[in-house]
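Take a look at the structure below.
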Amino acid sequence: MLDLQFIRENADTVRNAIINKATGSPTLVDKVLELDELWRKTTTELQEVQTAANAEAKKIGEWMKLGLKDQAQAAIAESGRLKVALKDLEDSQRIAAESLENTLLEIPNVPHPSVPLGKLPSDNVVAFEHGPFPAFTFAPLPHWELLERHDLVDFDRGSKVSGAGFPFYKGAGARFQRALINFFLDQAVENGYVEMGAPLVVNEDSARGTGQLPDKEDLMYEAVRDGLYLIPTAEVPVTNYHRDEILLESDLPIKYCAYTPCFRREAGSYGKDVRGLNRLHQFDKIELVHFVRPEDSYQALEELRAHAEGLLQKLGLPYRRLLMCTGDMGFTQSKKYDLEVWSAGQERWLEVSSISNFETFQARRMKIRYRSKTDAKPQIIHTLNGSGLALPRIVAALLENNQKSDGSIAIPEALRSYFGSDTLISA
RNA sequence: GGAGGGGUGGGUGAGUGGCUGAAACCACAGGUUUGCUAAACCUGCGUACCUUUUAUAGGGUACCGAGGGUUCGAAUCCCUCCUCCUCCGCCA
């Protein structure tokens with residue numbers, strides 16, 4: 001959510017943001033300005049009547065005490081009239097406030113000036129590529145064939161038990177996941193993150209806080225009876241951890257890491273994109289979250305990116321970094337990088353991390369502020385997050401890139417102590 | 001799931017219908033004093049919003065877990081919900 005005053009003073013900037021992000025109509029800005037004016041007018045009127053009513057009530061109290069019954073009775077009658085007016089004004093004000101709020105929620109974050117303009121994925125800028133790319137003397141297999149050969153993941157029984165996109169990891173496959181989780185968490189802690197174990201379901205306020213609601217409810221599984229949502233990422237519970245809080249400047253930056261399963265409905269996908277581990281309804285991810293002072297957030301974005309890239313480098317995975325264009329970056333972000341690993345068996349890039357600065361967009365919804373020495377009032381903080389990393393596609397890339405002609409799969413140096421072996425073989 | 005008791009400002013904690021946006025203490029910030037540290041004393045210190053011929057300023061409104069109600073007037077009374085604690089039940 002953007003600051004109302006910012007929209008008042010920078011209406012064109014916001015209109016451009018809507019156009020560039022291709023998320024709605026720029027007339028939303030005019031709607032906000034109109035509703036804002038209405039709301040302020042109504043608020044002022046309401047407060048004037050409240051002032052009168054308060055004064056009246058106070059007089060009544062004093063007269064009663066002095067025994068001036070007649071005067072008190074007259075004032076009570078006057079109070080009754082004010083009360084009726086008050087009721088109407090309260091209703092108008094509430095309606096105006098709700099419309100304003102709902103319209104504000106439809107306005108996307110403003111992209112940072114360094115974000116390239118564009119509408120399509122092809123407009124994203126490949127900012128960096130990191131090898132080495134694996135060389136093969138044979139045709140490398142896609143990971144789903146390797147998984148089947150070594151009996152590491154059971155998709156069919158997952159489908160039977162839960163549905164497509166809910167695989168069982170089995171034997172060495174399950175252990176491999178666990179090794180990755182521990183490796184990622186340990187790296188994050190080494191980089192100064194505090195490890196969190198987070199709830200896997202959140203309430204509606206939390207889903208709204210990070211921007212899943214409104215509009216993206218179709219992405220989340222919902223426990224309707226209890227009004228809870230299964231988390232699509234640990235970002236949701238971990239960022240909401242500080243919702244409605246005023247933090248101390250001396251506590252910043254705050255950095256958390258959390259491993260959680262993630263649940264995504266992702267309706268409407270099919271074909272090669274969802275083959276094997278490429279896209280699942282449930283997957284494991286380690287998420288990194290920062291709470292920082294506004295002046296530090298772009299430095300924090302680069303730090304976060306470096307932490308995620310460091311993991312890929314330690315795993316020896318070839319990857320590239322994309323700077324997402326305005327049209328492909330999402331509603332809530334002001335700047336976003338994607339990291340994609342090269343998948344030799346499929347000969348394609350797979351997104352394994354998304355690293356974003358939200359500036360105040362999430363924090364304003366969540367009312368996360370901090371008290372600084374220089375400002376009299378609490379300031380809205382900046383939030384950022386990034387995957388470090390999402391597991392399934394990492395598993396896919398590791399299997400495909402490290403497969404040998406004899407069908408075995410080499411485990412990267414960095415993972416060996418976690419996995420307990422240098423080769424991944426049949427369970 | 002059953003019974004009972006709580007939720008007040010950064011913290012502890014007073015406050016059972018008007019004198020309470022809220023005592024007191026702690027913490028924090030500024031100042032005075034003392035040779036440093038410490039202590040003592042003084043002052044300040046919630047948030048959001050509206051508004052004022054734009055202000056490190058004034059005026060106003062709302063907020064004492066959330067929402068509704070009673071009343072001229074609610075932190076205070078009533079209802080619903082959330083949450084915490086104690087006991088019982090169930091349970092990994």
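Just so it is clear: chains get the letters A, B, ... in the order the sequence lines come, proteins before strands, and each one is counted from 1. Heavy-atom basis, side chains included; hydrogens, waters and symmetry copies ignored. No experiment lies behind these values; they were computed from the predicted model shown.
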### Query
Ion pair present between R149(A) and E145(A), side-chain N to carboxylate O less than 4.0 angstrom?
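No, R149(A) and E145(A) are not salt-bridged.
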### Message
Quick test of your reading of the model: are K170(A) and D151(A) salt-bridged, counting only N-O distances below 4.0 Å?
### Response
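Counted as a salt bridge, because a side-chain N and a carboxylate O are separated by less than 4.0 Å.
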Qualifying salt bridge (Lys or Arg N to Asp or Glu O under 4.0 Å) pairs, either residue in [range], two or more places apart:
range                       : result
residues 154-167 of chain A : D154(A)-R157(A)
residues 9-28 of chain A    : D12(A)-R15(A), R15(A)-D30(A)
residues 183-204 of chain A : E204(A)-R208(A)

Distance between [atom1] atoms of [N] and [M] (Å, rounded):
N      : M      : atom1 : result
A40(B) : C64(B) : P     : 35 Å
U70(B) : C78(B) : P     : 15 Å
U56(B) : A29(B) : C1'   : 14 Å

When both hydrogen-bonding distances must be under 3.5 Å and the geometry is Watson-Crick or G-U wobble, what is [N] paired with, if anything?
N      : answer
G21(B) : none
U61(B) : A48(B)
U32(B) : A40(B)
U71(B) : none

### Contacting residues from residues 49-58 of chain A, given that a heavy atom lies under 4.0 angstrom of RNA chain B
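The stretch gives Q50(A), T51(A), N54(A), A57(A) as the residues lying under 4.0 Å from the strand, ordered by number.
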### Query
Contacts to RNA chain B from residues 78-97 of chain A, heavy-atom cutoff under 4.0 Å, which residues?
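S79(A), K83(A), K87(A), in order of number.
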### Query
Can you name the side-chain hydrogen bond (donor to acceptor under 3.5 Å, both in side chains) partners of Y370(A), sequence neighbours left out?
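If we apply the side-chain hydrogen bond (donor to acceptor under 3.5 Å, both in side chains) test to Y370(A), skipping adjacent residues, there are no hits.
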### Heavy-atom contact window of chain A on RNA chain B, given 5' to 3' at under 4.0 Å
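Listed 5' to 3', the contact boundaries are G18(B) to G73(B).
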Name each donor-acceptor pair under 3.5 Å that joins a side chain in residues 284-292 of chain A to protein atoms two or more places apart or in another chain, with its distance.
{"from": "D284(A)", "atom 1": "OD1", "to": "Y259(A)", "atom 2": "OH", "distance (Å)": "3.1"}
{"from": "D284(A)", "atom 1": "OD2", "to": "Q177(A)", "atom 2": "NE2", "distance (Å)": "3.3"}
{"from": "K285(A)", "atom 1": "NZ", "to": "T233(A)", "atom 2": "OG1", "distance (Å)": "2.8"}
{"from": "K285(A)", "atom 1": "NZ", "to": "E287(A)", "atom 2": "OE1", "distance (Å)": "2.7"}
{"from": "H290(A)", "atom 1": "NE2", "to": "Y193(A)", "atom 2": "OH", "distance (Å)": "2.7"}

Under the salt bridge (Lys or Arg N to Asp or Glu O under 4.0 Å) test, residues paired with [X] that sit two or more places apart:
X       : answer
E48(A)  : none
R178(A) : none
E98(A)  : R94(A)

#### Entry: All pairs passing side-chain hydrogen bond (donor to acceptor under 3.5 Å, both in side chains) where residues 79-89 of chain A contributes a residue, at least two apart
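The answer is E78(A)-R81(A).
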### Task
Would you indicate what W63(A) reaches in the nucleic acid, counting non-hydrogen atoms under 4.0 angstrom: base, sugar-phosphate, or nothing?
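W63(A): no heavy atom of the nucleic acid under 4.0 Å.
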